[in-house]
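When a ligand or atom number is given, it counts from 1 through the structure's own listing order.
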Amino acid sequence: MFTPAVVDVEPPDEHFDSADAQSARLRDAIDDVRADIESLRATTAQHSPADAAIFDAHLVMLDDPDLVAAALERIESGVPASRAWAEAVAAVEAEWRAVDDPYLRERAVDVHAVGQQVLRKLAGIPDATIDGTGILVVDDLLPAQAAVLDAEKVAGVILAGGSPTSHAAILARARGIPAVVAAGSDILAIEPGVTVALDGSTGEIIVDPDSQTLERLRGEASRAAERGELARASAHESASTADGTRILVAANLGSVEDARAAAESGADGSGLVRTEFLYLDRAQPPSVDEQIDTYLAMADALGGQRITLRTLDVGGDKPLPFVPQPAEENPFLGLRGLRLALAEKTLFDDQLRAIVTVAHQTPISIMFPMVTTVDELLTAREHLDAAITSVGRGEPAGLEVGIMIEVPAAALKTAAFARYVDFFSIGTNDLTQYTLAAERGNTSVAALADPLDPAVVTLINRVCRGAGPDRLVAVCGELAADETATDLLVALGVRELSVAPRAVPPVKQAVRGIEATTNPRLVERCLEADAAHSVRAALIK
Ligand code: PEP
Ligand code: MG
């Protein structure tokens, strides 16, 4: 292992000549960093197009007019460029850190990363590239550093800090480098040169392993590599269980880039387009035309396969600047998902018109998020009927209508919903948080929020039974990508798994290795289990 010193740059003491000269220095530094980020984006896109989008977000932050204006304002009042920039970045970072939603809070890390890149340019310090061979152990990495790690030299990455969704970890993995995050600061005390073994899939870290352990881990790594290769080789073939049941393995999308990555991974269309990506980070909602263009581009990238457009799923936890919402004490229990859409009718109706227009050109499924009652669904369907009338070309032939099952109440009432929908898609991320009363993203209750808790499994079973034989049941939450659960989900009756683009090949491979019909005992054991770990144990055996 090796531990390079990766330290933040502090703004140097600088002479203030004139506001014009300092402003020009700052603008030049920003231009240089923009060029660097564009090149990092291109490099990353070669390995993993979907992950390259991380750098799109960095470009947006770099050119954030409020941030740049705040720095220039400080320069006007006599502060040198580096300090002005550092202060303006710190203020924006603090704003993101104060946001309730843990996903949005991570933007602070991105602002920090971009801020550091500009500071380095201003201080004339070269980019902090990582040089060394073996397992890299470090507190945290900038995305710009992670994106250019040399997979020939760096065998693995251990971050003392970070989170599973941290961009450094995602970018390292995109280069095929296993990464373990949030290992704790004790890991930094290990002396360079000591042998360290890590398992990127389980997070296991072994310091100074004996030869037997090393042998075992090497064996596991080469078997995993073989499995990965096999999965990639047949990624573009359909996936059926060994006893012949076809399972659709679709992709979850949050950008047109994702759709391209999904096509490369062999996805059977998309089981979830998180359309809110079009609405976040902007002052005005997208126009109907912009939505139409984007949805068509996604369908196009997937060769005209069916895509499932989830209507806007935001709320107090993901506020929009153009939707004034009173502060809520419990935004996850508040005006969110379909509830907000029904309260913001113009926004909802515009989106429905865009979706209906697109559905006249390509196969579309529309899906409503966070549905709780049949009445909500019926009201949403009235809006959809009005949109069909307003577009004026009759009902699109291939349009299918479904709901997400994310609220336990909806899971329990599946049979009542079934006559009004074509399909159900279980959002296990939210269904788990609501069933276990454990907020997703809150690390102190993360251990409780296990989608394999028998209570969640019981609700999934209830959905499959309530849906009846003619309504497809999909899973589009993270559980769909957990290969340990594939057997159980299919045995319960799930017939579509929608996962992140890169998970499509391994999930297809997992489907091919199971049988759909020979498992009543397994289902029984999982439903009767008393804890998530007992369900896992039953599935691993
Ligand atoms: C879910 O809740 O499982 C889901 C897929 O939706 P999101 O993660 O976008 O809330
Ligand atoms: Mg959800």
Quiz item: In Å, rounded to the nearest 0.5 Å, how long is the span from CG of Leu479 to OG1 of Thr428?
Solution: 5.0 Å
Quiz item: Which pairs pass salt bridge (charged side-chain N to carboxylate O under 4.0 Å, His left out) with one or both residues in residues 481-499, sequence neighbours excluded?
Solution: Asp482-Arg536
Quiz item: Out of Thr311, Ile366, Val288, which residue meets the side chain to side chain contact (heavy atoms under 4.5 Å, CB included) rule with Gln351?
Solution: Thr311
Practice problem: Using a strict cut-off of less than 4.0 Å between a Lys/Arg side-chain nitrogen and an Asp/Glu carboxylate oxygen, indicate whether Asp350 and Arg353 qualify as a salt bridge. | Solution: yes
Quiz item: Do any pairs count as a ring pair (Phe, Tyr, Trp, His ring centres under 6.0 Å) and have a residue in residues 343-380, sequence neighbours left out, and if so which ones?
Solution: Phe348-His383
Practice problem: May I ask you to decide whether Glu276 forms a salt bridge with Arg310, counting only side-chain N to carboxylate O separations under 4.0 Å? | Solution: yes
Using a cut-off of under 3.5 Å, which N/O atoms of ligand 1 pair up with protein N/O atoms, and what distance separates each pair?
from	atom 1	to	atom 2	distance (Å)
ligand 1	2 (O)	Glu406	OE2	3.0
ligand 1	2 (O)	Asp430	N	3.0
ligand 1	2 (O)	Asp430	OD2	3.1
ligand 1	3 (O)	Gly427	O	3.3
ligand 1	3 (O)	Thr428	N	3.1
ligand 1	3 (O)	Asn429	N	2.7
ligand 1	3 (O)	Asn429	ND2	3.3
ligand 1	6 (O)	Arg310	NH1	3.0
ligand 1	8 (O)	Arg274	NH2	2.9
ligand 1	8 (O)	Asn429	ND2	3.0
ligand 1	8 (O)	Arg440	NH2	2.8
ligand 1	9 (O)	Arg274	NE	2.7
ligand 1	9 (O)	Arg274	NH2	3.4
ligand 1	9 (O)	Arg310	NH1	3.1
ligand 1	9 (O)	Arg310	NH2	2.9
ligand 1	10 (O)	Asp430	OD2	3.1
ligand 1	10 (O)	Arg440	NH1	2.8

Exercise. Examine distances only and state if a side-chain atom of Gln305 and a backbone atom of Gly269 form a donor-acceptor pair shorter than 3.5 Å.
Key: yes
Exercise. Could you tell me whether Asp300 and Arg260 have a side-chain N and a carboxylate O separated by less than 4.0 Å?
Key: no
Quiz item: Asp64 pairs by side chain to side chain contact (heavy atoms under 4.5 Å, CB included) with which of Val60, Leu62, Asp66?
Solution: Asp66
Quiz item: If waters are left out, how many protein N/O/S atoms lie within less than 2.8 Å of the Mg ion (ligand 2)?
Solution: 2
